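Okay, structure first, notes after.
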Amino acid sequence: MAVYPSLKGIYPIGIVEEKTGLTSRQIRYYENMGLISPIRTQGKQRRYTEKDVIRLSRIKYLKDNGFDLKSIREKIELLEKSTKDLDLMINSGAVQGRLTSLYPVSNRAVLMKLLEKN
DNA sequence: CTTCTTACA
DNA sequence: TGTAAGAA
């Protein structure tokens, strides 16, 4: 188990294995495939951020459900793009005073529906 | 002891 | 993907 490290939300590969359920072999493989880009210490060891862990967890989930790397790559990209757009709307005030809580929005179409003026 | 790279099955 | 080797 996590006997040591990981202050400030950055973790060595061993901890990431435990948090995501992926093997170090798979984690390094996905990096070579361009799905993640952990930073390196001066000693060349990989350090993963919380975002990297979240991304790897999604990869793990999709993988377990039979999706190939190509599909996983597309889904991750779409999901992060949507999230980025939503953050943009929220930060620009588009949602101000219209949503009183976090409704379960499944996609952009539904979100826009909720944002329509009545 | 943990992680890294390279290489083979 | 798993695992072995040798280095860091």
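Computed from a prediction, not measured in an experiment: that's the story for all the values here. Residue numbering restarts at 1 for every chain, and letters A, B, ... go by the order of the sequence lines.
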side-chain contact (heavy atoms from CB on, under 4.5 Å) between Lys84(A) and Asp87(A), worked out: CA-CA 5 Å; Lys84(A) 183 180 179 183; Asp87(A) 286 340; 5.7 Å; no

Protein-nucleotide distance (Leu22(A), atom CG; dT1(C), atom P), rounded to Å: 8 Å

Side-chain N,O (Tyr48(A)) to OP1/OP2 (dT3(B)) below 4.0 Å: no

Glu77(A) atom CD, neighbour heavy-atom count above 12 within 6.0 Å: no

Residue met sooner reading DNA chain B from 5', once Arg25(A) and Ile13(A) are mapped to nucleotides: Ile13(A)

Presence of Arg46(A) side-chain N/O under 4.0 Å of dT3(B) phosphate oxygens OP1/OP2: no

Under-4.0 Å side-chain N/O to phosphate OP1/OP2 contact, Thr23(A) with dG2(C): yes

Residue closer to the 5' end of DNA chain C, Tyr30(A) versus Gly43(A) (nearest nucleotide): Tyr30(A)

N or O in side chain of Arg40(A) less than 4.0 angstrom from dT5(B) OP1/OP2: yes

Option among Ile76(A), Thr49(A), Leu79(A) that satisfies the side chain to side chain contact (heavy atoms under 4.5 Å, CB included) test with Arg55(A): Ile76(A)

Val16(A) and Asp52(A), any side-chain heavy atoms less than 4.5 Å apart: no

Distance test, side-chain N/O of Lys44(A) to OP1/OP2 of dT2(B), below 4.0 Å: no

